[in-house]
Each structure stands twice: as C-alpha cells, then as structure tokens.
*Asks:* 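First the structure, then my questions, so here it is.
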Amino acid sequence: MGIEVRGLTKTFGSFVAVKDVSLSVASGELYALLGPSGSGKTTLLRIIAGLETPDSGSVILEGEDATERNPRERRVGFVFQHYALFRHMSVFENVAFGLRVRPRASRPDEADIRRRVKELLELVQLDFMADRRPSELSGGQRQRVALARALAVEPKVLLLDEPFGALDARVRQELRRWLRRLHDDIHLTSVFVTHDQEEALELADRVAVMNHGVIEQDGTPDDVVERPATPFVISFLGTVNIFHGRVEGGRGIFGPLAVEYPVHADSQPRTAAAYTRPHEFDVSRAETGSGLWAVLEGVTASGAMARLELAGAHGGLIHAELGRDQFERLAVQPGDRLYVTPRKVRVFVE
Amino acid sequence: MTTLPRTARLTEPRPVRWAILAIALGFVALFLVVPLAAVFAQAFAKGFEAYRAAIVEPDAVAALKLTLLAAAVAVPLNVIFGLAAGWALGKFQFRGRHFLLTLIDLPFAVSPVISGLVFVLLFGRRGWLGPWIIDHGFQIVFAVPGIILATIFVSFPFVAREVIPIMEAIGTEEEEAARVLGAGGFQLFFRVTLPNIKWGLLYGVILANARAMGEFGAVSVVSGHIRGLTNTLPLHVEILYNEYNAQAAFAVASLLGCLAIVTLILKTVVESRVQRSARPAVHTAVEAMSWESKSAV
C-alpha cells in the first residue's frame, strides 16, 4: 500500500479542518483530493507530508508508520501551489538542493549530482534553462522545476498542492496531459489536491471528494460521476437539476415527477430530493410519460452542445443539454412548450 | 504637433521648476554640506600635524576604542535579536504580535536621555538593582558595561525593523520546501533563510552600527565622563569643545563625519540590493509603508 491514512483529525482553534479522515492510496496510483476551498484537502495533504501535525490519527507511508516522523525523514516529494522555488538559486541548484543537504555519508559526489540533476531537467524538458533564476521562468516552467526538485530526492510518494492552480487555461491543459504521461512512465504513488473537478476526473485514477473536512466519496472517476454517494458529490461535480419532494411507500414524488423508489418502502413519508444532470433529459414537443413540461426561455449553443434553460411548470428552472443536431431537429423558439423526461434520476432522502 | 504644447503645460513653468530646485539644493547645502565642510575645515585649521596630534592623543584613542567596543558588542547582539524577532514576527501570526512590533520601536519613541536615565535608575548606586550589583563587585553605571547597555538599547530596533518586513513578504513556503527536501535546521537557515534576507540584514547592521557609534544622549547619562575610561567619541568631542579646544574637537568629530559618509555610501549600495532581492516588490513596499507610518506616529 502506498499511502494509508487512518482517522486523521486536525483543528485550527475552533475550526475543524480535517475530521476523522481515512483513505488509502495504492502503490503507483494517481489520486486526487477534490473539494471546494476550505474543505480540508490541502491540510490533509500537508499532514501526509508532515508539514502539519494531526491532533489524532496516523499516516502510513509504504507500510511504515510515519506519523511521528518529521518531514525531512519521510521521503516525500512536495510540489507547492506557488512552487516555492528558492529564488536566490539557479534552476540547477534548486533541483540539486535535496541532494546537497543529505548527510555526508549518503550524499552523492559532485559529478553524480550533476548527472542526476541533468537527467531530471531533461525529464521535465528544461535542461537548457539550468542556469536561469526562477524569476526568469514562466509559470509552467517553474511548475516543472518544482516537480524536478521534488523528484530529485527519489521520494516514495509525490504530493502536489493545486499543481495547475496558478496557470492559465491552455498551459494547464498541456501540463495536465504531460503530468499524466509522466506518471504513466515513472509510476510513483501520487496525490494531488484540486478544486477543479474536470482536472481531477481527467487526470486521476481515483478521486476523493471532500467537503467540510470529511471525505464524502472515494472512488474511480466513473464511480463518483455515475454513482455519486451524497447530494454534495453530485452537486459539486457539475450542474445538476434538483427536484424537491418526498418518498413514501416505495415511490418518490417530486412535484410533477414520480419515480419508483423501492429502498424506502415505508408508508411514512420522508422529505427527499431527486437529482438529474442536464444531459440526462429527453426533450420532445410531444407529451411524454413523465408529464413534466416547461417553457423554453433561452438557448446557448456552443460547439456540439446546446444548453437549454427552461421554466418548469412546477415553478423551478430546468437546465437541459442536447446534441446540436438533436436541438436543430426540434426546431423550437423561446416561448415554446417542451416536454422533458429524465432518463436518470438519483434520489437522496434527507 | 498638437500634443506637444499640451504636455508642456502639464508641468510647471521653467522658472518655477528652477526656483523649487534651488530651494531644495539650498537647504541641502546649508544644513548638510556646509556643516560637514566646516567640520573638516576646522579640523585642519592648524594644519595636518595638529590634526594628527588631536587624533592620536591617548584620551582620543581610548574614546575611539570604547566606541568600537560598544558597537562591536551591540551590533552582533542586535543581529541575533533581529533575526529571532524577524523569524517570530515575520513568519508567524499570534496573539500579541502587534504589541511586540510596537515594543520593538520603543527606543525610537523615547528620548535617548530617558533611556540613559532608566539604566541609572536601575543600576545606579541608589537604583533598584544597583546596590546588589555593587556589593558583588561590579559596576555598571559610570563604567563600560553601562555604556554598552545604553548602546544596545538605542540601536535595538534597526536590524529587526529591516528583517521583519522582508521575512513577512517572503513567507514560509521556501523553508517548508527545504524541510521536505531533507534540510536540517542549520542548512535551512544558512542555505535558504539567510540568503533571502542578507541584504536587508546588512542594511540593518549598517544603520545599527551608525547609531551605536554616534549615540550621544543615552551614553552621556550613564558615562560619567571619565576621560580615557568612559568617554566615547561623541562624548570626547563635547568635552574638547567645552574646553575651547575647537580644533581638536573638530578633528575627532571628523572621524565621526567619515563614519557617516561611509555609512551613507554603503547604505545606498545595499538599499538597491534590498529592493531587488525582496520580491514580490509590491508587497514589500506596502509593508515598508506601514512601518513608516508606524514610526511617524
């Protein structure tokens, strides 16, 4: 097992940043901690690195209990959100730092250091920048230097805090793919923190969705998208339509929507909500089974998709997404009445 | 063509500009250049031999030695204190932090004479701790230790005030990165922290040194003016002057004048380095401004 975290809790004053969190990351896995700001994901990452001391719980790295170890003994690579490159050192010296500060007995000689740093700079495609200062590099280049510096100490695990947060959209895309390829090559157990769900889903083997200091769900990108465990997970991973209502006697009634809900067979009604993503609707001009109709208010068509904003007969707004050609076949104008049928409904009892 | 006269009108008319410049330069000349020139003119009034004699005279040499000793003790102590304060106040947020920041400025706020009196009150013959110390065979007031204490007190804030804003601007991330990469405490300090603050630190040292060597008020109160024993250079200048030995007084004063010039040159060189090294510059500038406004109050 690469990283195992058991029952971690960390408070800052009266604020509980991380609340009894457990997770395990398999060796060689690329793992994402996804959540809004203040959800405790960065604190969790810093606890794994040893930069914060947990109030309780333990951290096990490659089978060894590291809870009591200070960061210099943990052999982790950490890439900071703003890179934290040593501003007074060249790119070369930044990468060499981890090797130069080793105790004399295990310190490689100068020729060895030069060779290793050169290899790493080649790996991040920055060998021609070795003599520059960090201030002379672009954001994406700094990011790669930070990565090379973290890898220089041959860490057992690699931790990245918002690795693409400070970059502009295009560089972010490129670097994301590059990082994925790099990970596939070197297969180092890695955890990265992000608030960008797209980034987490595209890059990670597994994702933990965090909120208010707890992990709401932990699974493959497919799991969290297709089988969200909590209302928070489904809301956080993109736009979703919410229909409020109740469940009773094996059925869910959400305004005009009625679905089978065998989980709650009790006759005692309970408040619940149904969630449907915009692309999970069938939209037609003819009346359909669900009986849910709405008036088209506006359309934004970008690329292959058309986003419809509809005023539902139940009083709420409905967001629906259709393929461009499908939308054109409907041939509707704002003000027209449309029938929407959810293909998929997820019910959460409150 | 149309824009030219318009931009010309944005600045003051030429005569006004020249007048303002002349006033500014006149002030500088009258209050800074002329006095400095006068010091050197008076010092050499009776020729180079007399100048040399005034400086190598045993009491003058003793005063110079004492001044150097006081600075040699006060400045390193201020460096240690300044680094500790910079680390604690620049890198951590805690309750009472602002109170401490204000406290560091105390020596700037009180008159040096008062700071001297405080030491007399504490360690003098009739002071709180004085009798006990004298019973144990030590003397602080009217002796060298008192002069050193007073010098430390008045030069106290300089290093800390330079180092704190820089440490604040740089933050803790680089140190954290170094720790994760395996650096120990000493490596962390000498390889990461110190290089980042070295120009600010040097700047503080220069200012602290200038103050330590030039201090008059506080030292005057605790000194007792014993010639050859407890006189520093500024005190020696005063004594000579009071004895109507103007030429000797100015000869010794010219040493302090040289110190001032060297300080100014070093200060200019280091200042530009400080500004270059302490990026993000915007943040540092804001910090520096908040310092200024604080000291103005």
Side-chain angles (χ1 to χ4, degrees), chain A residues 12-13 42 45-46 48-52 66 69-90 93-104 106-107 133-136 142 145-161 166, chain B residues 83 86-87 90-97 162-163 165-203 269-285 287:
Chain A
F12 296 105
T42 294
L45 195 76
R46 289 171 59 87
I48 297 173
L51 292 170
E52 302 282 357
R69 288 201 200 146
N70 67 40
R72 59 184 301 213
E73 294 163 335
R74 288 197 189 193
R75 298 269 311 270
V76 298
F78 199 101
V79 177
F80 289 81
Q81 185 177 0
H82 300 291
Y83 322 130
L85 296 177
F86 304 124
R87 67 191 78 196
H88 62 281
M89 293 181 202
S90 66
E93 286 303 321
N94 262 283
V95 178
F97 186 89
L99 302 172
R100 292 205 194 282
V101 297
R102 282 206 188 154
R104 190 152 297 163
S106 61
R107 194 188 306 158
R133 288 290 172 102
S135 58
E136 298 171 83
R142 284 180 211 184
V145 174
L147 192 63
R149 182 179 69 175
L151 293 174
V153 294
E154 293 174 333
K156 291 187 285 189
V157 299
L158 182 64
L159 308 172
L160 306 102
D161 186 8
Chain B
L83 288 174
W87 191 279
K91 306 231 176 221
F92 301 98
Q93 296 291 331
F94 52 89
R95 202 182 279 245
R97 182 174 169 274
E162 287 309 315
V163 169
I166 297 178
M167 291 230 190
E168 229 168 350
I170 288 176
T172 50
E173 267 205 340
E174 284 183 44
E175 273 93 6
E176 284 183 343
R179 262 165 69 205
V180 175
L181 288 167
F186 275 97
Q187 290 170 321
L188 191 106
F189 179 74
F190 285 105
R191 284 173 185 260
V192 178
T193 311
L194 195 58
N196 273 338
I197 61 163
K198 64 180 174 201
W199 291 110
L201 181 64
L202 191 58
Y203 188 51
V269 173
V270 173
E271 214 165 30
S272 63
R273 297 292 192 124
V274 172
Q275 275 161 10
R276 237 179 297 160
S277 69
R279 258 169 261 164
V282 181
H283 189 62
T284 323
E287 293 300 332

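Just so you know, these numbers come straight off a predicted model, no measurement behind them. Below, chains carry the letters A, B, ... as their sequence lines are ordered, and counting in each starts from 1.
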*Asks:* What closest approach, in Å, do B:Gln187 and A:Val101 show between heavy atoms, and which atom pair accounts for it?
*Replies:* NE2-O, 3.0 Å

*Asks:* Looking at CD of B:Glu175 and CG of A:Leu51, how far apart are the two atoms once the value is rounded to the nearest 0.5 Å?
*Replies:* 12.0 Å

*Asks:* Please classify the contact of A:Leu99 with chain B as side chain, backbone, both or neither, using a heavy-atom distance under 4.5 Å.
*Replies:* neither

*Asks:* Pairs in or reaching into residues 176-185 of chain B: which pass salt bridge (charged side-chain N to carboxylate O under 4.0 Å, His left out), with residues at least two apart or in two chains?
*Replies:* A:Arg46-B:Glu176

*Asks:* Mind checking what makes salt bridge (Lys or Arg N to Asp or Glu O under 4.0 Å) contact with A:Arg100, not counting sequence neighbours?
*Replies:* A:Glu93, A:Glu110

*Asks:* In this structure, are over 12 heavy atoms from other groups packed under 6.0 Å from A:Phe12 atom CZ?
*Replies:* yes

*Asks:* Looking only at non-hydrogen atoms, find the nearest pair between A:Val76 and B:Val180 and report the distance.
*Replies:* O-CG1, 3.3 Å

*Asks:* Would you mind checking which part of A:Val153 comes under 4.5 Å of any heavy atom in chain B, side chain (CB onward), backbone (N, CA, C, O), both or neither?
*Replies:* side chain

*Asks:* Which atoms form the tightest heavy-atom contact between A:Gln81 and B:Glu173, and what is the distance?
*Replies:* N-OE2, 4.3 Å

*Asks:* Please report the closest heavy-atom contact between A:Phe86 and B:Glu174, naming both atoms and the distance.
*Replies:* CE2-O, 3.3 Å

*Asks:* Quick check: closest heavy atoms across A:Arg149 and B:Ala177, and the distance to 0.1 Å?
*Replies:* NH2-CB, 3.5 Å

*Asks:* Considering all heavy atoms of both residues, which atom of A:His88 and which atom of B:Val192 are nearest to each other, and what is their separation?
*Replies:* CE1-O, 3.8 Å

*Asks:* Would one find more than 12 heavy atoms of other residues, nucleotides or ligands at under 6.0 Å from atom NZ of B:Lys198?
*Replies:* no

